[in-house]
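These numbers were taken from a predicted model, which means no experiment stands behind them. Residue numbers count from 1 along this sequence.
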Amino acid sequence: MRADDGKSVATTIRPGLPRLTLALGAVSLPERGSMFQQLHNYPIGKNTAPEVVQLCWPRKHNVTPVRRELLIGLDAVIAVKDTPADLPANIRQGLEHGRPGYGLPFCGDNNLLPDRIEEIDPAAMPQALWLTPILGEESDGPRDFATRLTVTIHRLDMTQTRSLLMGPSPRSSTIPAEAWVPVVYP
């Protein structure tokens, strides 16, 4: 998904990503935990000025402690449709380490990886709380466990990043039509 165009400071999104439609469901709701992490903001990598590296060595310049939240015990389902015909097979190969670029997903941070990923038969879909967009006025009042989820990200122009306010629908083994969210990169 990531690309290095050789010109940008940030890692860009690889062009030509396939369009698909996703639905997310929580089989069980997770606990929420937190941790502290040290972030630094001097440029690192091949384009870093040698004097910056020398001034900062052996420490990091401008370290800022931040609190990060994480989900503990999340049992989730990710359903995919409207994909190119070869995408499901490419994902399977990537999870088996046989295809570069379609490998193990991570949940917001490369230190927070899933414990287990398994493919399930759509006919045996578990009961789940399917996340659906919260659009305008909710007729049933506010929803518990509402959250904002990033759908697509644009690393060079954050005004083009797309996120949706989502909340769980009633538990069902059938994915509600409104739970399907298109993921389209230009």
Side-chain angles (χ1 to χ4, degrees), residues 1-26 30 32 34-53 55-56 60-71 74 76 78-88 90-91 94-95 99-114 117 130-138 143 145-168 177-186:
M1 182 167 167
R2 294 178 174 202
D4 181 1
D5 64 6
K7 300 177 279 184
S8 305
V9 175
T11 304
T12 59
I13 301 298
R14 187 174 69 219
L17 290 175
R19 296 171 180 246
L20 53 97
T21 305
L22 292 175
L24 303 175
R32 201 165 40 184
S34 67
M35 65 180 187
F36 287 92
Q37 182 177 5
Q38 293 182 348
L39 299 182
H40 55 92
N41 69 355
Y42 71 90
I44 57 173
K46 61 184 176 191
N47 296 328
T48 304
E51 57 272 12
V52 171
V53 174
L55 285 171
C56 295
K60 294 180 179 178
H61 173 69
N62 197 16
V63 173
T64 304
V66 294
R67 182 174 165 258
R68 308 275 306 261
E69 287 193 341
L70 59 137
L71 303 176
L74 174 64
I78 302 171
V80 181
K81 71 175 188 176
D82 302 331
T83 67
D86 62 343
L87 184 62
N90 289 345
I91 292 171
L95 291 173
R99 182 171 182 92
Y102 291 87
L104 184 66
F106 62 91
C107 302
D109 187 302
N110 60 4
N111 292 316
L112 304 172
L113 297 168
I117 298 174
W130 295 97
L131 295 179
T132 59
I134 298 174
L135 305 170
E137 294 294 320
E138 288 283 310
R143 282 197 246 175
F145 305 106
T147 189
R148 183 161 296 280
L149 293 177
T150 302
V151 177
T152 56
I153 188 167
H154 193 292
R155 296 181 188 281
L156 300 178
D157 180 1
M158 291 303 289
T159 65
Q160 294 185 44
T161 292
R162 181 173 164 239
S163 64
L164 293 172
L165 183 61
M166 308 279 281
E178 61 273 15
W180 291 105
V181 176
V183 178
V184 179
Y185 281 94

Next on the checklist: If the condition is side-chain hydrogen bond (donor to acceptor under 3.5 Å, both in side chains), which residues does T21 pass it with, not counting sequence neighbours?
Outcome noted: D82
Item to check | Residues in side chain to side chain contact (heavy atoms under 4.5 Å, CB included) contact with A79, at least two apart in sequence or another chain | outcome: A23, I175, W180
Next on the checklist: Can you tell me how far apart CD1 (I117) and CD1 (I78) are? Round to the nearest 0.5 Å.
Outcome noted: 7.5 Å
Checklist entry - Within a strict 4.5 Å, meaning less than it, do heavy atoms of the P88 and T83 side chains meet? => result yes
Checklist entry - Partners of R67 by salt bridge (charged side-chain N to carboxylate O under 4.0 Å, His left out), sequence neighbours excluded? => result E69
Ignoring hydrogens and angles, write down the donor-acceptor pairs under 3.5 Å from the side chains of residues 159-167, residues two or more places apart or on other chains.
{"residue": "T159", "atom": "OG1", "partner": "D157", "partner atom": "OD1", "Å": "2.5"}
{"residue": "T159", "atom": "OG1", "partner": "D157", "partner atom": "OD2", "Å": "3.2"}
{"residue": "Q160", "atom": "NE2", "partner": "D157", "partner atom": "OD2", "Å": "3.0"}
{"residue": "T161", "atom": "OG1", "partner": "H154", "partner atom": "N", "Å": "2.9"}
{"residue": "R162", "atom": "NH1", "partner": "P182", "partner atom": "O", "Å": "3.0"}

Checklist entry - Any idea which heavy atoms bring T150 and T152 closest together, and the distance? => result CG2-O, 3.5 Å
Item to check | side chain to side chain contact (heavy atoms under 4.5 Å, CB included) partners for P65, two or more places apart | outcome: none
Checklist entry - Excluding sequence neighbours, so at least two apart, what forms salt bridge (charged side-chain N to carboxylate O under 4.0 Å, His left out) with R19? => result none
Checklist entry - L87 and P18: which non-hydrogen atoms are nearest, and at how many Å? => result CD1-CG, 4.0 Å
Item to check | Stepwise side-chain contact (heavy atoms from CB on, under 4.5 Å) check, L149 with V181 | outcome: CA-CA 11 Å; L149 293 177; V181 176; over 6 Å; no
Checklist outcome for this item: Heavy-atom nearest pair, Y185 first then L17, reads CD1-CD1, 3.8 Å
